2 protein chains.
Amino acid sequence: MENEKQMYIEECGLLFEKLGLTRMAGRAFGYLVVCDEDHVSFKQIQEALKASKGSISGTMKQLVQTGMAEAVSLPGDRKTYYRISKIKIGDMIRQRISQFIELADTLQKGDDLKNREDETSGWLTEASTFYYWIGDQLDGIIKTWENEKQKIIQQYHANKKEHST
Amino acid sequence: MENEKQMYIEECGLLFEKLGLTRMAGRAFGYLVVCDEDHVSFKQIQEALKASKGSISGTMKQLVQTGMAEAVSLPGDRKTYYRISKIKIGDMIRQRISQFIELADTLQKGDDLKNREDETSGWLTEASTFYYWIGDQLDGIIKTWENEKQKIIQQYHANKKEHST
DNA sequence: CATTTAGTTCAATAATTTTTGAACTAAATG
DNA sequence: CATTTAGTTCAAAAATTATTGAACTAAATG
């Protein structure tokens with residue numbers, strides 16, 4: 001079982017890497033998910049991941065800054081503890097979508113810059129508009145989620161098989 | 001003007017890097033956007049980007065494979081030409097969202113693996129469901145886009161100022 | 001069939017990113 | 001106020017990823 005958790009932690013490392021974050025950040029996140037306590041100390045994380053203090057220091061800053069973990073401090077205890085952050089569930093997607101806004105800006109800029117008025121130009125307008133539009137749609141979607149969360153979770157729980165890859 | 005295009009090409013390189021692709025792929029894409037022809041040869045790209053044949057070879061494969069560029073071949077000409085791909089506009093987002101499905105799977109798996117039944121567990125269920133759900137929503141959104149494209153583009157074109165940055 | 005053209009492959013190199021580890025700050029404790 | 005504890009910073013090392021360049025395939029041309 002502990003071995004399975006170790007494997008899970010490494011799996012998270014690789015997933016995070018694929019999402020453009022660091023492997024160590026993934027490991028730390030995975031550890032926060034499967035560890036047996038609600039929150040764990042810097043040292044526990046360091047020992048669990050067998051990494052240097054410097055590496056954990058940077059990694060935890062990354063996780064806190066991106067909102068994936070939160071620091072916990074306790075009265076009469078000068079250690080810093082960490083737990084996975086339960087807030088702002090839509091933010092990771094929102095942040096990703098903002099990259100598409102940037103892509104849209106870039107496509108539009110490229111269109112302005114080129115010396116031809118052709119099929120490509122039309123497509124660039126279409127593509128950039130698509131990315132702007134989908135960014136805007138997102139806010140509506142996240143609102144829907146907030147309002148109908150309970151209902152949606154029940155639904156997805158009922159037909160679990162339909163959505164498991 | 002040509003200098004501005006060069007700068008644009010480099011800007012695309014950096015953007016693509018941020019999106020998790022390679023800088024060279026971004027440069028090549030940028031070049032396809034601002035070049036004065038509809039399609040350009042392998043050699044033109046290589047010369048414009050001052051890169052090696054090997055690098056361009058790999059890069060163009062990447063762009064074609066991810067659907068961002070398409071190869072063009074002409075009768076009586078054994079060169080391969082490339083142009084930006086005008087098809088499958090939603091695919092890039094779809095592909096990105098599929099990463100969230102994977103994230104959802106991983107969160108759920110972590111929940112199953114841990115030895116506590118607590119607040120975190122509820123949150124993990126909520127988070128994984130959110131990512132499954134938003135993946136499903138996307139298909140509907142892309143369908144809406146396909147159906148109302150014209151109207152939406154007009155709308156966004158009319159109030160350009162509201163959406164620039 | 002030798003040569004040129006078009007592009008691929010892949011080992012070596014360059015560039016970048018991550019991780020370590022040692023020296024440091026800053027707060028608490030004896 | 002010296003020592004311990006908690007964590008940070010940053011230069012150097014390790015690991016990873018991208019790019020080059022040379023040798024190669026495969027098709028077309030003379």
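Because the structure is predicted, anything quoted here is derived from the model rather than measured. In the text below, chain A, chain B and the rest are named by the order of the sequence lines, each starting its count at 1.
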Could you check which of [options] has an atom nearest any side-chain atom of [X]?
X     : options               : value
A:K61 : D:dT9, C:dT4, C:dT20  : D:dT9
A:S57 : C:dT8, C:dT20, D:dT8  : D:dT8
B:R23 : C:dT19, D:dT5, D:dT19 : D:dT19
A:F42 : D:dG7, D:dT20, C:dG21 : D:dG7
B:K79 : C:dG7, D:dT8, C:dT19  : C:dG7

Could you tell me if [Y] and [X] have a donor-acceptor pair between their side chains, going purely by distance under 3.5 Å?
X      : Y      : value
B:Y81  : B:D38  : no
A:T22  : A:Q62  : yes
B:D105 : B:Y131 : no

Once you apply the 3.5 Å cut-off to both distances, tell me the Watson-Crick or G-U wobble partner of [N], or none.
N      : result
C:dA12 : D:dT19
C:dC24 : D:dG7
C:dA2  : D:dT29

Contacts of A:R78 and A:T22 projected onto DNA chain C by closest heavy atom; the upstream (5') one is A:T22

A:A127 to A:L107 - nearest heavy-atom pair and separation:
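Minimum heavy-atom contact is CB-CD1, 3.7 Å.
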
Rounded to whole Å, how long is the line connecting atom [atom1] of [X] with atom [atom2] of [N]?
X     : N      : atom1 : atom2 : answer
A:K50 : C:dG21 : NZ    : P     : 15 Å
A:E47 : D:dA6  : CD    : P     : 11 Å
B:Q46 : D:dT19 : CD    : C1'   : 12 Å
B:Q62 : C:dT8  : CD    : C1'   : 16 Å
B:I56 : D:dG21 : CD1   : C1'   : 14 Å
A:M24 : C:dT20 : CE    : P     : 5 Å
A:K53 : C:dT25 : NZ    : P     : 14 Å
B:F16 : D:dA18 : CZ    : P     : 14 Å

Hey, which sits more toward the 5' end of DNA chain D by its nearest nucleotide, A:T80 or A:E17?
A:T80

Please figure out whether B:R27 or A:G58 has its closest DNA chain D nucleotide nearer the 5' end.
A:G58

Would you find more than 12 non-hydrogen atoms of other residues, nucleotides or ligands less than 6.0 Å from B:K114 atom NZ?
yes

